[in-house]
Structures are given as structure tokens and as C-alpha cells.
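Lettering follows sequence order; numbering is per chain, from 1.
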Number of protein chains: 2
Amino acid sequence: MARSMHVRRPATLASLAAELGVSRTTVSNAYNRPDQLSPELRRRVLDTARRLGYPGPDPVARSLRTRKAGAVGLLLTENLSYAFRDPAAIGFLEGLALACEDAGTGLLLVPANPEREDVASVHRAGVDGFVVYSVPDDDPHLAAVLERPVPTVVCDQPDLGTVDRVGIDDRGAMYELARHLISLGHRRVGVVCMRLARDRNDGFVTPDRQHAAHFHVQRNRLSGLAEAFSEAGVDWSQVPVVERFDHNTASGASGAAQVLDRDPQITALICTSDVLALGAMTEAARRGLRVPHDISVTGFDGIRAGEEVGLTTVRQPVLEKGRAAGKLLLDTNERTRPRSVNLATELLIGKTSAAPRGGAEERWFGP
Amino acid sequence: MARSMHVRRPATLASLAAELGVSRTTVSNAYNRPDQLSPELRRRVLDTARRLGYPGPDPVARSLRTRKAGAVGLLLTENLSYAFRDPAAIGFLEGLALACEDAGTGLLLVPANPEREDVASVHRAGVDGFVVYSVPDDDPHLAAVLERPVPTVVCDQPDLGTVDRVGIDDRGAMYELARHLISLGHRRVGVVCMRLARDRNDGFVTPDRQHAAHFHVQRNRLSGLAEAFSEAGVDWSQVPVVERFDHNTASGASGAAQVLDRDPQITALICTSDVLALGAMTEAARRGLRVPHDISVTGFDGIRAGEEVGLTTVRQPVLEKGRAAGKLLLDTNERTRPRSVNLATELLIGKTSAAPRGGAEERWFGP
DNA sequence: AATTGGTTCTGAACCGTTACGGTCCTTTCA
DNA sequence: TGAAAGGACCGTAACGGTTCAGAACCAATT
């Protein structure tokens, strides 16, 4: 109130030091190393700071000098808001947030609009590292992240060999689920899966597209299915596989409808996520098909809503996955070569899978 | 490969400029203003950058110079991970993320451990503004945010007069809900509410504590109830109000149990959130009480799970709230005086509220 | 009296970039 | 042919801190 009638420019550490007649170092120490100056001086610094409206050291300037941003970036393939719609993504976020919290680090959600090729948001993100969660292999944002000179953990992605990775054995887990259905006697099945690439392709999927899928997770789940059923003598190229771009129950329902329209004889509907499976069950009910008496339905993820209806599925530890990703990233130990972590999954046999009507034996010889 | 055998220090814009024999400005322009230099030179700059492993301008240095962080900070009262458990919070996050996405801005989740008084995370956050979501009035993190010289929007908080605010009319909405119950004939009711302050107090709430509640939202909802029931001739100080620190269905159930143990005669159980209400319904069922025949149960928020069971509640536009907060913060117009936005709510009369057993008339004269 | 040790404070270098206000050279047009 | 316009590039000065090696001072020890 005394010195300057009008604060033309906001106070800085330097101006505060000048006002006090001490060095900038001392002011800095007042905030960061209280033991480096006398209590009286420190108090004087802080008092003057308050009087001048100095809000404390600027975070960005500090980050520049210390080379630490105090935050990790999260890159998602979807619109930022998608993450808050998908139960599995939410679980992942929660785990990651937990790890960040433990480390006192912020979590920066990087806007990565999949529509646009604009990767500026990745370049502008002031972070100490990145977590990349389930983006297509050819996503330009992923490429941009990999060019940044900060540690990175990819999640639900192929092992790049150059950065840490955490995920599950999608292929193995789905293989196991398929074995379960096969042992029940299912041979004529249909599949509803999530998007396989960046382009929208709501419809049947060719074997080519299955192999070339840009989403690691979906590619491997389909591959696990194909392997198991092929071994069981099923010609996988004849199995109806339907893809949906949007991931919600409505997609699950319409996908199931498309499969059932193509082949009403199928005895099991395999979905690559629980959300899709829940939609599929709605569609089955709409058609008067009883689950599992008339048709079996399976999912993947192990979300709460699925649990409540006794969905047969693969439970994956989504929260742990997020936490593991964060731990890996924030682990300050000397980085040797990139680590790769696979978390355990669990086959959950619920009330939505059973032997096909007519019994397993009856179908044992037919295709 | 030619010039330097070993890259001792990572390339910077300056070193790149030196290598090329051009000014730093030119290199900067190559990235930020392509029109400011010839295409050939720009290509040469970018090629050399690639060769030297220069990853492009450092985001933090850029932020320092431009005075823009490209991110907004979100402060939550709870552990970061809490936000991903509560449906209303998730909706808010989604809306906020949407607004950020539109603006191409990042969203930084600031770790604010409510246990510790450590506000360093607020000081360290490199952001262009803050959104504060439902923290107690006396939260030190909130105070720290308000000291930062950046625009701030508070949400579900009292109007501070100094910063923008968005919220709903909690008191009015709850008053209306109370009127609904009163008109049905309910006079003997119980309440289960969320935490009222930073300290854990799982149990009955004195009128004093109700008035002094540090959570604006809870304080106003209770106040709306008290007003309506007092007007209807009910002595509010005698109404059992139970508080729960944790916000989940288990709390709702145990809270309901505590209320019912105290007064088994109540005809309606009013919960200040849907999550609590769902728990309360579980507890009612456990006791063999049919809803709404034996007891009415109401919530607040309008979450999906409540909708599915036909919960009588107040629907509030959580997503819109988040979006509005983001819009307010990112609105670059000249800031005049702080704005205050109230979003509309809607009383949703579902299947969990009905006239008390014995009819309204019978009770019309008694307390 | 000289040395030692500890505390408190300082000076200067550095972090990597962009804003600002030029200069210089070439082209265009009356 | 000279003036004006425009394109391409540059130099300097911040941006707001942190860090580290000392300097200055004082008390205690040798």
C-alpha cells in the first residue's frame, strides 16, 4: 500500500528481492529451502510477498529451470470425454490417478482429437512422461509422443521394444474363453467386436481386416478366438464377425442383430467387451432368445454391470493396469532396457454361457 | 552422424540454429510461423532437426515465454481417484473434458490429498486457470488456488464474489423435493447425507453441525429440507439426520440402518445423493420394507443407476455443469465482474415415493 | 593469533524459448 | 530511375526462476 500506488506489472521474485534489498537467491530459498536463511528474514520475505501480492515462484519458470513439470501426460485415442464413458477406461484412469497421487504428480489429459491429425497438443504438453492408452498402432499422436524425449509407457499396445509396456495376454485370455465355449459344445458362433482401425466400418469384417487391425487389443482377442475355433475344426473365415465403431450398449445390440440376421443358427455370441455383451443381451431378449438357454453371450473386461447379470467374461485388472502404468513411469530407478508387464486375467464363468440347446453331443459331429 | 560423434547434451533451438548458421528466430519460425521463411530453408531446418534429434521447441520454455500453459487445472476435494468412483463427478469431468477438448486445452488433475495440508501441488501446477469442484469452504487447497493469479471457476461452492461460479440451486431443488413428500403426507422422515466437513463424523448430526457444514452443497440441501418441513409444522431439530464420510452405497445402507434404528416409524428416507439412496433401498429391502409401500426413498443427482430403479430424485445436469465451468474459464472475452451461473434442475418423481401407509389423511393431524 | 566450522547470504550462470523491432535485399510500378 | 512495398531473416531483450561456488561474518577451538 505504501510503496507502489499502482502495480503495473505483477510482482516477481526479482522485484520482491529488490524491494527487500536481498538477493534473488534468498527469496528463492525462503520458499524452497527454509533452512538456508534465518527465520526472521524468511518471515520478512513472506510478509513482503503478501503485501506486494507476490503469489510465490512461478510454476512454469521453475519447471524450465528444474527440468521437471510435475505432471504426466495421458494420451487416449478417443475424444477426452470418451474416457469417462467407458467403464474399463474409467478403471484405468482411476488406477493411474492413484499412482500419480502417491507420487504427488499431476495427471494431464492431453486432448487428442482422433479426427484431426493435429499433434500440436502432444508437442505443447509440459509433462515428465507419457502414458499411452489403447490407441491405434498408426495414430500420429502416438508417433508424436515417441519423438518426445521423455519416458513413455504404452498400455494395451504392442510391445514397441523401445518403451515400457503394460497389458494383458489378450490373445491367451480370449483363447481360454473360446475353449470354454468349445468344451460346452459350441461350434457355430458369431462375434461382435470394437473398432479395428481409425476408419468407421460398422459391419462385417473380412479376415484380412481382422489380421490388419490397428488396435492391438482387438486384433489379439480375435486372433485368440480364431486359433481356438480353428483348432476345434471350425472354418474361421466363415464365422460372422461384426465390427462397431462406437463403443456402447447400443452398438452391442445392433451388432448382435446384424450377426443374428446373418446366421440365426448360432449358439453363442462372443463380444470383445462387456459393454457390447450387455447390448447383445438386450438384443437377444428383444428377439425372445433366452440366455443362456437359447444362446450364450460372453464379454470381456469384467465390469460391474456385467457382474450383476452374471455375464461370462474375462476379468482383467483395469485398475491395476493403470496403477502399474503409473508406477512404471514414475519409477525413478535407472532405466535399463524397457520393461514389459503382463497382468493376470481370470476367466469368469457366469450364467450367460451354457451348452447349446440339444446338448453338446448332438452337435459334436456337425460343423 | 557427420558433425558430432556423441550428443553430449540434447539439441536445443539455439544449437540447431548454430549448426545451420541461422538465427534462433528463424528456427523458431520454422516451427511456429512457416510463412515467415522460405520453404527451402524451412525444410532444411526441419531436416537438420531430425538429424540432430531435436524434438521441436521445448513446451515448458515456450510456456514461460508465451505465458500460456495450454492447460487448465482441476482441483477436487477428494483423492484423485475418488472422482472416478462417483457417477456425478464422472459426469462433471466428462463435461469439463469436453469443453477443454473444444478449446484444444489440456486438463490437469491436481493431486490434492485432503489428509495433508500440503498445497505445494497447487503451487506447482502450470496451468492457465483452475476449476474447483466441490471442496469444503475451508480447504487450504482452495485458498491456495485463489492466491494464484489465474482465472478460476468454482463449482458447487458458495459464490465468493471474486471468481466465476457455476452450480445449481441446491436449496430450492431440495425444498421442492421436500414439498413433494409433504404433499404426499410425509411428516415423520429421516435423512442420510454426505460428509459435512473435513472431519469424519459417521453418525447423527446436530442442528449446529448442519448449519456450520463446510460443504456448500450439503449445507444447502439440508437447509432446503429444514425449511420445507418446518413450514409444514415439523420440528426439524427432532428429525434424525445421519452423516456419512464415505460416499458409496454401503454408506447409504448403513446410514439408513442408523436412521431406522433410531426411529422405525419414519415414512420417508431422504438421501442427499442417489448413491446413498440406492444403498438405503438395499437396507430397506433387507429389513423387509417395501419401497414405496412401507417407506419412501429419495435421492439427488439423477444418475443412471437410480433411473433404472425409478428413484424419485432431483436431476441435475452434471455434464452441463462441467461444460459450463470449462466454457466460463476458457472464455477469452474481457472479464468484467465475476459471473455466476445457476443451472436448472428437475424434480423426477419415480416409483420410490408414495403416500405413507394408512394414507395421508390419517396422519394429517398428528406429528 | 591462526584455524576451523557453521550459518547466512550473494553473484553470476543457466534453463530454452518467443516477442519485438528492426535490417537488408529484391521486386514492382509510376 | 527512384520510391514504395514486400519477403526473408536477424539481434536483443526478456520470460521468472534455481543452482552452485563462494564471500562475509561470527563463535569456538587449537
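Distance, A:His123 NE2 to C:dT17 C1': 16 Å, rounded to whole Å. Straight-line distance from the CG atom of B:Leu16 to the C1' atom of C:dG16: 13 Å, rounded to whole Å. Atom P of nucleotide C:dG16 and atom CZ of A:Arg124 are separated by 19 Å, given to the nearest angstrom. Separating the CD atom of B:Gln36 from the C1' atom of C:dC24 is a distance of 15 Å, rounded to the nearest angstrom. For B:Arg67 and C:dT17, the CZ to C1' distance is 13 Å, given to the nearest whole Å. Atom-to-atom, CG of B:Leu64 to P of C:dT18 comes out at 11 Å; the value is rounded to the nearest Å. As a whole-Å value, the separation of A:Leu20 CG from C:dT10 C1' is 15 Å. At whole-Å resolution of the value, CG in B:Asn29 and P in C:dG16 are 20 Å apart.
Under 4.0 angstrom from either OP1 or OP2 of C:dT8 there lies no side-chain N or O belonging to A:Arg33. Between B:Asn32 and C:dT18 there is a side-chain N or O to OP1 or OP2 distance below 4.0 Å.
Within 4.0 Å of A:Thr12, counting heavy atoms only, lie sugar-phosphate atoms of the nucleic acid but no base atom. Residue contacts for B:Val60: at a heavy-atom cut-off of 4.0 Å it reaches no nucleic acid atom on any strand shown. Contact annotation for B:Tyr54: backbone-only contact, meaning every heavy-atom pair under 4.0 Å involves sugar-phosphate atoms and none involves a base.
Residues B:Pro39 and B:Arg24 each lie close to DNA chain D; by heavy-atom proximity, the contact nearer the 5' end of the strand is made by B:Pro39.
In terms of heavy-atom proximity, B:Leu75 sits nearest to B:Leu142 at CD2-N, 3.9 Å. Contact between B:Tyr133 and B:Leu76 at its shortest, heavy atoms only, is CD2-CD2, 3.4 Å.
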**Message:** Run B:Leu16 and B:Leu52 through side-chain contact (heavy atoms from CB on, under 4.5 Å) and show every step you take.
**Reply:** CA-CA 8 Å; B:Leu16 181 52; B:Leu52 261 50; 4.0 Å; yes
**Item:** Criterion side-chain contact (heavy atoms from CB on, under 4.5 Å) on B:Leu41 and B:Val22, from CA distance to verdict
**Value:** CA-CA 10 Å; B:Leu41 178 55; B:Val22 302; 4.2 Å; yes
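A heavy atom closer than 4.0 Å to some atom of DNA chain C occurs in no member of residues 42-49 of chain A.
Between A:Asp156 and A:Lys321 a salt bridge is recorded (basic side-chain N to carboxylate O distance below 4.0 Å).
Pairs passing the ring pair (Phe, Tyr, Trp, His ring centres under 6.0 Å) check and including a residue from residues 12-51 of chain A, sequence neighbours excluded, read A:Tyr31-A:Tyr54.
In 5' to 3' order, the nucleotides of DNA chain D bounding all contacts with chain A (an atom under 4.0 Å from a heavy atom) are D:dC15 to D:dC20.
The base of C:dT17 lies outside donor-acceptor range of the side chain of B:Arg65, with no N or O pair under 3.5 Å.
With no hydrogens or angles considered, a side-chain donor-acceptor pair links B:Asn32 and B:Arg62 at under 3.5 Å. Side-chain atoms of B:Ser28 and B:Thr25 include no donor-acceptor pair closer than 3.5 Å. In this structure, a donor-acceptor pair under 3.5 Å is present between the side chains of A:Asn342 and A:Arg165.
Checked options A:Val318, A:Leu74, A:Leu98; the residue passing with A:Leu93 is A:Leu74 (criterion: side chain to side chain contact (heavy atoms under 4.5 Å, CB included)).
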